[in-house]
Structures are given as structure tokens and as C-alpha cells.
6 protein chains.
Amino acid sequence: MRIKVINPNTTASMTRSIGAAAQAVASSGTEIVAVSPTMGPVSIEGHYDEAVAALGVIDEVRSGEQSGCDGYVIACFGDPGLAAAREAARGPVVGIAEAAMHFASFVATGFSVVTTLERTCVIARHLTVAYGMDKFCRGIHGTDLAVLDLEKPESDAYRVIVDACRQALAMDRSGAIVLGCAGMADLCRRIEKEIGAPVIDGVAAAVKQVEALVALGIGTSKLGDYAAPLPKDYVGLTAGFAPARSGGGR
Amino acid sequence: MRIKVINPNTTASMTRSIGAAAQAVASSGTEIVAVSPTMGPVSIEGHYDEAVAALGVIDEVRSGEQSGCDGYVIACFGDPGLAAAREAARGPVVGIAEAAMHFASFVATGFSVVTTLERTCVIARHLTVAYGMDKFCRGIHGTDLAVLDLEKPESDAYRVIVDACRQALAMDRSGAIVLGCAGMADLCRRIEKEIGAPVIDGVAAAVKQVEALVALGIGTSKLGDYAAPLPKDYVGLTAGFAPARSGGGR
Amino acid sequence: MRIKVINPNTTASMTRSIGAAAQAVASSGTEIVAVSPTMGPVSIEGHYDEAVAALGVIDEVRSGEQSGCDGYVIACFGDPGLAAAREAARGPVVGIAEAAMHFASFVATGFSVVTTLERTCVIARHLTVAYGMDKFCRGIHGTDLAVLDLEKPESDAYRVIVDACRQALAMDRSGAIVLGCAGMADLCRRIEKEIGAPVIDGVAAAVKQVEALVALGIGTSKLGDYAAPLPKDYVGLTAGFAPARSGGGR
Amino acid sequence: MRIKVINPNTTASMTRSIGAAAQAVASSGTEIVAVSPTMGPVSIEGHYDEAVAALGVIDEVRSGEQSGCDGYVIACFGDPGLAAAREAARGPVVGIAEAAMHFASFVATGFSVVTTLERTCVIARHLTVAYGMDKFCRGIHGTDLAVLDLEKPESDAYRVIVDACRQALAMDRSGAIVLGCAGMADLCRRIEKEIGAPVIDGVAAAVKQVEALVALGIGTSKLGDYAAPLPKDYVGLTAGFAPARSGGGR
Amino acid sequence: MRIKVINPNTTASMTRSIGAAAQAVASSGTEIVAVSPTMGPVSIEGHYDEAVAALGVIDEVRSGEQSGCDGYVIACFGDPGLAAAREAARGPVVGIAEAAMHFASFVATGFSVVTTLERTCVIARHLTVAYGMDKFCRGIHGTDLAVLDLEKPESDAYRVIVDACRQALAMDRSGAIVLGCAGMADLCRRIEKEIGAPVIDGVAAAVKQVEALVALGIGTSKLGDYAAPLPKDYVGLTAGFAPARSGGGR
Amino acid sequence: MRIKVINPNTTASMTRSIGAAAQAVASSGTEIVAVSPTMGPVSIEGHYDEAVAALGVIDEVRSGEQSGCDGYVIACFGDPGLAAAREAARGPVVGIAEAAMHFASFVATGFSVVTTLERTCVIARHLTVAYGMDKFCRGIHGTDLAVLDLEKPESDAYRVIVDACRQALAMDRSGAIVLGCAGMADLCRRIEKEIGAPVIDGVAAAVKQVEALVALGIGTSKLGDYAAPLPKDYVGLTAGFAPARSGGGR
């Protein structure tokens, strides 16, 4: 099967890192296609960035439908464009926040989220509610690392994150950590060993969830509000996004 | 004061109708600027349409910030782009679903929403939860009128909607109706007389809410997650949306 | 239009202060009638005070209906007698806690309440739930200022409140402040400047909400449980409160 | 021990009937004092009636504190004045809606409420939320019997109620019935036999709960918001309700 | 009436202590039968212990049904086997956590739980949700006393618990304490005097609740999901638990 | 990897059917060990059956830990013994209700459950709450097929279930079906084709979820309340279940 892993921001180095994390956990029969959209912000750190990034996510899902992708991962912890992407896709679409939180609820009665900027904590909190995971999420902790700092060796990001994880477990009396940024994927196993509790990276979790859904033949429901977008005209800059007369694609 | 009323879809006749409804309730000192974005879908009937329409909404808020608008109304019942628009604006931004639901909760212990397509009911339901209005909303009723049909005299839309309102009040045991589409604004007083219960149109409600907030000097909080978008690069089709180095505008 | 602003306690100096705050924000065509009931406690600092004060609120609504008031504000942060007042009134009735919280939810994803006595915090908390605002309210902070101390220059109330606001924003990670006492109305703009976040006073907010509802012709629903009280006999001390044979008044 | 059973309305025949129901279930050492207040409505069928009736309830609690009552039952399904009464009392105060719902949650995973007027259903629904019983309450059913009709043999009230109970069990898939009016107390065992499921009368339930609390020496907490009302002046018609300098009584 | 008080763990000294606490509050006509099951863990400190202990609880209810018990108390703060026991019993079955929390909600607007091991706090938290008591429970505090330590004079358990109660009241701003372990029953009045707020022991509370329900003739509903277990074969170690062809017993 | 699929009831033919369904979706490297416990009910249709069945589930997890199983599926829609099993296991343990509901929330904004006996609907409803899936579950529909009837060709079970699925989609306005019984596993694809919406079988879903978790190295958290049971003595019939001195096994 072919799974498209969409990094909603447009920073290629982060896309490579996400792609590597996805590839590392993919089953032998799975082809991972990791992409950045051709449009949108270089990092996503607020509602505004998210709204614009959603367009890029949709664009990649539409082209994925044409090139035969079986499922999609949205690899940004705010899961931008998720509902719209589901209308556009026939196969499953899973966000990394969603995937990580659901997995955490399987292995602990409560988890903590450790993420980047303080200001994105509210976005994460809204997601816990949207996914029904608020009763499992006992705390969301910003580290005030900027997303792109995670790639800089001099930022000492790793140590900051491990410390935040330890504090989160103690303060929230939780049993597992959800890492709240796609850029943290490769730190996952190292942190787990240090803190002695499951650490869940959304990229890996989402790849496995999509693999599972595709393997079971479960696609996005086309009954009700995830049905393909109704065909109609779009104008101006976004004219190219107009839904086609048939199917969920172009 | 100057209030920009943004019809997120790109159908000019509907924008004129919304603008008229807004003007009809505006105070004497209020200038209403009713616009459609230069981009986006001709009607909004699902998550996908909404995600693309959000871009147009943001664009209008950004230009509004430059031309000195004091506040904004998002005149589509799904309130697309609301959180992003709030980051981009200094003054208040109010969605019509939000405004109508809050007003309904002031005059009845429970209200019903009567809207257009069945498939948009889920969007309305999610909004009731997002706004804390789910405990007041006792039912959401689709009429399966298409948005643009409301403008066609031959569609008999008025009669369909009145009947749906009556049934909603009886079935939900509710005390007020929220009309779930900007295109229904001018039908409001007529329906109220027929059914004997308050009927609340979001366009009118939102204009008055924004007027009130502006009059009180209450703008969108720039502390926390509605702070202006962080300046950064955007690429490709949406490059022009990159937040500027200072302020909430371009 | 004529709006009656009811200070549910019987301290005339506070009524004057509330009246001035209401007048300061009223539109040019609005007549503000600020009153204290002829009966009830000099301050309201618990459930018991509230229950007795509700009688005075009702009394003022009944006389307001006779003298042609178009809407009512209940100017005590516990919103005493709100549901009963709505049954008695044809026009809208808005409580100051309700009005302030709703406005706060339009300009921040979370707000904090700063109020007077610690023991009234539970009342405020119950209101957040009743109004669906609990998901926006991130904390309620008592300052242990007595209500009537707010009027005493020597109480240093202003400084205590500003400090409490600052702490509330930091501790709750919230974006706006709701001032939890009618007596704080005139402090509002000063505090906002000091703390750099919207500060919302319920008296001003409620006056504008009632103005808006009256302007739109939206009264209290007379369908369902806000219908006029059923006519019947009342005995003893409260015999005069018996609902009349017709209408919501005497 | 002495338990005061307060019928918040002022219809003496109903008070006698409630008193008899209370006496019938009281333990041998319990003295039941069934009273109507000297003030207030002859029946309680809305928010307005409730607000006025609360004054009478408080008055009876205050005189009860002076005459040595150990606990109180508020015998109207809306539990009017409950929080205020708790501030005024040292011993426990239990409402009949509260008592019945809690007992129902011990013997069934879901219950239905069968009550009088349709318009009081919203009051009952708010109580289920206030008491945390909304997850057990699967439906609230008005019979549109007026409260005082229950006393009239020609009203055929019994048959109407039994039919409503049967329908409620079937429609709500619930396992028990809560009777939503103090006037239904003596019908309880008869209905239970007919419908084959527990039928819970609030008067009986509340008497036993108060007996139990008094027997265990558990009074109303005087720490926090049920502490005795702060002493202060009251004016006008309600001057006599001013809290005394010490204790929770006069 | 005969009430069986089941200590789900198999430590006889604790059963004696629980029995004494139950006897101390029982009415004159009540016979208390305090038992430990013949099977199961010596203490219950986690989900696993609970699951095994449930079998012993059921066993005692089944034998109780044969020997004519009128009601049951499950005397472990996790209320193990409660739903199953209700299917097996005709009379009422009340857990001590359930009983204590409900009583606490009658005398305070919020309570704190003080319990033994930190790891059992999650179990208590799940119970608050299951019983609808989460809106009253403001905190759950582990003392990291092991259950069996409560019986050892040298453990200084009393002082640790009193300190935890005081801190809980202050930190949670609550008005009452629920003691979260059957082994704390005899400490109840002493603590209450020291801390000045109601302290509620579940054993005493549950005995009185069951007495009340039995006195009112209210048994467990046999309509719906508490109906007697369907007769069927069980095999192996638990073959003896197979429901009999008729009734809820053997 | 080796996954133990535990059918909590003791009907061997159903275990074989479940095993086949599990095997059909397992990855090539996965060994499925499908078992019934050596103890417990032949079918599970209520709280009582569940409580006894939990013992058998635990027993199988304990033996699985000794024989090197990497993860566990609990293949009964009530997920009996889930929390206890997680304490006893090092690897992941997933219930089929849990797995199916989580997957459904990935492909539809709302799902319906179609299950066997009406009386088990409450159990399913409690699970939706426990898993945070209540906001996605729009209805639970009993067919009043007995569990073991699903195996009988003459029961026409298939047609009854398909009809129930169709009605559920229409009545609940949902987009996917969760099949609420392990015995329905092999009907899954056939129904999906008939009704045109995703149909999710819990056995398949849980096998894939466990595979994914094991592949990612995510086990049950041993921090907090899923930590291994504390070693202690157990007596009587269940003496053999006493937790060993080290590890989560015997």
C-alpha cells in the first residue's frame, strides 16, 4: 500500500526527518511518500498558520487521490485540514495528534502532552476535546522551543524535552507521554528509556493506524458529512481547488 | 465605526442580501462594508468548502486591518476561519452562528437550529460544542434546501423553512429558533410572527455584538493564542499570506 | 428605548455608581433607569442573600413592565432571580455575569474571573456551568474584598484587584479578565491598560447586550418555560407578588 | 429527632398529604413537623413561583433553627431555596427531587421522571444537571396535570400518571421511575405494583435521607459557601430576613 | 431487617472493624452481618485486586439471597463488583464510595476524598464519574498508607490522615471530606472535630442508605440491565457461579 | 510477534470463529493464539456474566505472560477485565469495543453500534463514556439476538443485523457501523457492501491495533495505576491468582 505522509509546513528538512520516522516504522509492504505542500508557512505555530496550511494539506490529498494513495497522515500536531482532507479522500486520513492520543489511551489511564510553544497548547487542548481524549489528557505542557529549533543541535532541545516529560508525569500523575510535534519523532525511544514510561510519537502512531485501516479495507465514510465535496465553482486564487464533478479528487 | 461583514462565499447576490440585512440593523454611526472574498467557493456546504473559504476570510480581515475596520462579522453559519481571523484582527471578530446562539441563550432555556443541507448539521453541532452552547441547543434540523436555492423564488424556500421551524419547536420543546444560514436573514421577522417565538438571524445578531464590543473598546485579546501571527515565510500560492513583521496585518 | 438596570442590593451609593457606568456606555437613544429594590440585603455575598434579593429583582421587573421598560439588566454578579425575571418580562433580561462571560468568549479562548469574597466563587462557578461558559472560564479568583469595601478609598481595592488580575492571567494562561462584581465597573479601563488584556465589566456588557436585543426586536420567549407566570393566589408577606390574570406584569 | 418537612406552596391540604406521607415512612424516634410557609404561592409551576416560594422556605428553616429542628425536607420537586436553606441551617437540608434521584441511581442504571406540567420539565432537567444525576436521568415527562388537580378525584390523575410511567420506561429504556411532584407521594406503591419497576417518591426518600444524616451526626458544612449568612442589614418588606449576628438562625 | 456488609478483602481483622462501624450506626431493628468472602485478596489496591475480589463479593450476595438478607453494603472504596452484585440481588446494594459521595453532595457544594495508596486515586476518580459525583469532587488525595497499615498503631496513620484532610480542604476549597477506605471508619468523628468540617465514612453512610431503601421497600430494579442474570452454564473454577434457572440467586 | 486473542466466554465454536477472523487480518509475521478461558460463562450477556468472565481473562493474560505473548485482544464487546488485564500484562491489551470505536471515530464524525441483547446496550453505553467515544457514538441498537444464535443458520441473524444497521444509519444520521459482538466478525464485509458505509468489527480492529503497538514497542505503562499488581496473598478459590513477587505474571 502507498501512504502519503503530509508535513503541512514547507520546511523540507523537517519533511525529510518526518519521512525517515515514518519509513522506520512502516511495514515491509508499505510505501511511504513524505511530502511538503507547494504552498504555505514554513512552520505552524498558531490558528492563522493552521488555516493557511490546511490548503496545502488538501492539495496534497487531492493529488494523492489521483496518484493512487491508499491513505494519508497529517504530520503536524494541530492536525490542520483534517476534516476537509477526509472529504477529499477515499481512504483513511489520520492526524498525528489524534493517532498519538488514541494510542496513549490504550496503555495508560492518563497521559500528558509535551509540545513546543506555549501558545499552541490551546490548539492541542481543543483537539483533546474534539477527539474525546480530554478525559485521558491530564496536562499539556509547552516548552517554548520553536518548531524549527528542534532541528538545531545547539538548542539543547533534547534535554529541555526530557525534563518537561519528567515534570509532566509527576505533576499530572500520568502514565504516558504524547510528544506534541512532528519534529520530535526521532527522539522518542531515547526519552522513553530515560523516563520509564511509554512515549508516543504521532508520526509513527499515525502511520501504523493508517496501515491498519487500509489493511482492513476501512476507508473514510462517504455517507454523511465526510462525503465527497459537492461539485461547484471556486474563484480567484483558489479556483483550482474546485471539486470535480465526480469522486473526491480533482 | 466601520464593520466589515464578510460573506465567506463568492456569490455576489448573497453578499448584497447579507449587506442589506446588516445595514438594516446597524446603528446610525456604523458603516457596514459587506464583501465577498476574491477567492473561494460560490457556496459553503461542507468541511472542504469551509477550509478553502477560510483563506478568503483571512484575506478580507487582513485588508480590513489596513483600511481601518473596527470589527468583523463572518457571515456563514459554519463561522469558517474564525480563530485565524481573530489572530489577524485587533478588533472583535464574531461569527454569525456564534452570535445567534449566544443571543438565543439569553431569551430561551433551549433553542433549535434550522439550517440548509442535512450534511452541514454536523458542522453546526460541532459549533454548539465549541461555543458552549450545546446545553442550550436542543436540535439541529436540515431542510435540504441548497444555499443558493434560498435566492430562487420558485424554490418555495420560505414555506419549507417555516414548517421546519414549527416542527423544531414542537419536537425539541424549545423556545426559540436560530436560523442556520446567512441567506435567511431577511426572512426573520416574517417567520417570527407566524410561529410565535423568537427567531434569531445570525447576521443581525453578529452586527449588534460587534457594534457593542467596539463601543466598549473591547478588542480581540492579543495575549495568548489570539496574539498576532508570528512573522515567518510562506511559500507558493499562499506566499502573500505571510504575516508581516509587526502588528496583526500584512 | 428604556433599560432598567437593577442593582439587586439596597445600597444606594452602589446603585448610583452602577447607574453611572451604565449611562457611560449607553447609546444616545437609550434611557437608563438605575434602581435598587425597596427590599432586600445591603450587599449580596452568599446563597441566602441571593434568594432574598431575587424578590426585589422581580419586584423591579414587575414595576418596569407597567412603566414601559424595554429590557432589564440584573447588576449583581450572581445574576439573582434571572429565570424568574425572564418569566415576568416581555423584553430581554440579561445578567451581568452572563453578559461579561459571553463577551469574554468572543475575544479570548479562555478567561479568568476576579471577584470579591472567596465564598462567592462557588456561585460564579455554578453560573459558568449554567451559561455554558465553563469551557472558557479557566479560573475564578476571590480577593476577599467585601463588596462594600470597593467604595472605600482607604481599602486599596484597586491595587488588590489589579494584582489579582495579573496573577489570574499568568496562573490560568487566560487571555481576558471578567470582573466579578458590579461595584468594579468604573475600574475597568484603568486595569485593562495596566495588564495588557481585555477587562470586561458586566454592567457595560449587559447594557449593550440588552440594547442590541431590543434593537433587533428580540424579547424573552413566551413559549415554554419563560412564559408568563400562571395566574394564581399568593398569600402572606408576598401576596402582592401574585401574577395577574393576563400578561407578565401585575 | 425532629425533622421539618416544608411544603413550599401554601395549600394546606397538600401539606397535610405530604405530612402523612412523611409520617408513614418515619422511624419510631422521628418527629415529623409538616408545614406550609405563611407566605407564597398556592402552587409552584415555574421559575417565578419558585423564586417567591424560596422566601417561605427560608422563613421556615429559620424558625426551625430556633425551635430545635434537626433537619429539613424541601417538599417540592423544584427544590426551591435549597442552597439558601443550607446556609441558614446547621443540620442537613434535602430536597425531594435530589433525594429521589439519588436513590433511583442506586437501584437502576437509568431512571425516568414523571411530573406535572410540561413547562416544569426544564426545571427538573436543570436539577438533574445540578445534582450530577443527568447521566442517570433518561427522560422527563410532563403529564400536563396541574399540581392541584392531583387532589381532585375527578381528575383521573392516577390513571394518567400510570400510563405516563409505562410509556416512560419503554421509551427511555429506563429501570425506575421518579415521581416529580410532592402531591404524588401516596400513589407510589400502587403504581410500582402495576408497572413492575421501582417507583420513588421524593418525600419518603428525603425523610429517610435526612434521618440517616442526622443519625450519623452529619450536618451541613459550615466551611465554605454553606457557612451561615454574613450578618448585615436587610430593608423593606424582607427586613425581617436579615441574618442575625451569630449562628445560622434569627 | 438484615443487612450484609461485605468486606471484599479477606483480612478478618478489618472485617471485624468494619462490622463494628456498621453496627455502631445501625438502627435498633437492623441486624448487621459483616463478612469477608471465602476467596480473594487480603487487600485491594488496584484494578487486578478488584477484579478478583468482585468474585468474592458476588459469592456473598448469592449466599445472602438464600439466607434472606434484605440489602448489601460493599465495603471497599472501589465498590468492586457493584453492578454484578445488583443483578444478583433483589434488595438494594450500595457501595461505600457511592454512599459517602452522595451524602457529601448533600452537605457541601464540593468535597475532597482522602484515601490510601496514590495508585488507587484513579479508581476513585473513575467512580466519581460513574456516579455523577465528579462535579462535586474537587480532589482525590493519596496518603500512601497501605490499607493494612491503618490497623497498625505504629504507622501513625491517624496523624497522616488528619493532615491530609486539612490540606485537602484548603487546596481544593472544599467543604467536606470523604474518607476513601473502609479501614478508616472508626476515625471519622475524631477527625471531624479536629478539622471543623463534615467527615463522611462510607461504611456508616452505606448502612444508612441501605436501611432507608429497605424501609421504603425499594429494591434493585429487575427491569433492564439489573435484571437477574440469564440462566446458563459456567465451566471450570467458576462453574459454581452459574445463575440458576429462576430468581437472582443460586 | 505473538498475539493472544481471548474470547472471554467458554464456547469453543465461537472461539474458533473469532480466531479465524483474527487470523484473516493478521500480518504475515503475527502468530494468533485464540483461546477461551478454562473457566467462566458460555456467553456474556450482563454485568454478572462479565464479572465472572473477567477472572478467565486475567488467567489467560497471566499464562500468556509466561509463554511470551507480546499483546492481547479481549474479544467480547463488553471488554471484561480490561483494566485488570493491563496491570497483569507488559505488552498492550486492547478490547474489541475500544478498538472498533476508536477506528470508527477516524472515518466518520459519528457511528452507531449494532449489538445483540437489548440489556447489554447499557454496558456498551458505559464503555463509550469510559473511552471518550460518547461524542462519536450516536446510538446503540439491540437486536435481541442471543449471542449464541449468531452461530445458528436458522436464526436468520444476518438479515436481522443488516436491517438494524440500515435503520441505525438513518435514525442516528451516522456514517459508520460498529458491530457490537465478537460473533459478528465474519459478517463484516458483506454488510458493508449492502449498506454503503464502513462496518467495523472489533476483533479485526483490535488485532491490528495490538500489532501496531507491539511493532512500535509501546507496551502498557507500568507507571501509575497499570503497574503490576502488588504482591500479596489471595485465599480460597482464587488463591492461585495471587500476584507473584516480581513482574506482572505469576
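For the numbers below, each heavy atom of this structure counts, side chains included, while hydrogens, waters and symmetry mates do not. Order of the sequence lines sets the chain letters (A, B, ...), proteins ahead of strands, with each chain counted from 1.
Only the side chain of D:A215 comes within contact range of chain E, with heavy atoms under 4.5 Å apart. Contacts of D:A83 with chain E are absent, with no heavy-atom separation under 4.5 Å from either backbone or side chain. At a 4.5 Å heavy-atom cutoff, the contact between E:F136 and chain D is made by side-chain atoms alone. Heavy-atom distances place no part of D:E211 under 4.5 Å from chain E, backbone and side chain included. Neither the backbone nor the side chain of D:V207 comes within contact range of chain E; no heavy atom of the residue lies under 4.5 Å from a heavy atom of that chain. Looking at E:F106, the atoms closer than 4.5 Å to chain D (heavy atoms on both sides) sit in the backbone and in the side chain alike. Of the two parts of E:S174, only the backbone, made up of N, CA, C and O, holds a non-hydrogen atom closer than 4.5 Å to a non-hydrogen atom of chain D. If you measure heavy-atom distances from D:L82 to chain E, you find no contacts under 4.5 Å at all.
Side chain of E:R86 to main chain of D:T109: no donor-acceptor pair is present (N/O by atom type, distance under 3.5 Å, no hydrogens or angles). Under a 3.5 Å cut-off, the side chain of E:K135 and the backbone N or O of D:V129 do form a donor-acceptor pair.
Taking CD1 of D:I200 as the reference point, atom CD1 of E:I218 lies at 4.5 Å (rounded to 0.5 Å).
Counting heavy-atom pairs closer than 4.5 Å to chain E, the top residue among D:A227, D:G110, D:A197, D:A108 is D:A108. Note on E:P92, E:A130, E:G29: by heavy-atom pairs under 4.5 Å with chain D, the leading option is E:A130. Taking chain E as the reference chain and counting heavy-atom pairs below 4.5 Å, the highest number among D:V107, D:L169, D:D225 is found for D:V107. Among E:P198, E:G95, E:S28, the residue with the largest count of heavy-atom pairs under 4.5 Å with chain D is E:P198. Put simply, of E:A176, E:G224, E:A212, the one with the most heavy-atom pairs under 4.5 Å next to chain D is E:A212.
Applying the side chain to side chain donor-acceptor pair (under 3.5 Å) test between D:H102 and each of E:E98, E:H102, E:Q209 identifies E:H102 as the sole match.
The shortest non-hydrogen separation linking D:A204 to E:L216 is CB-CD2, 3.7 Å.
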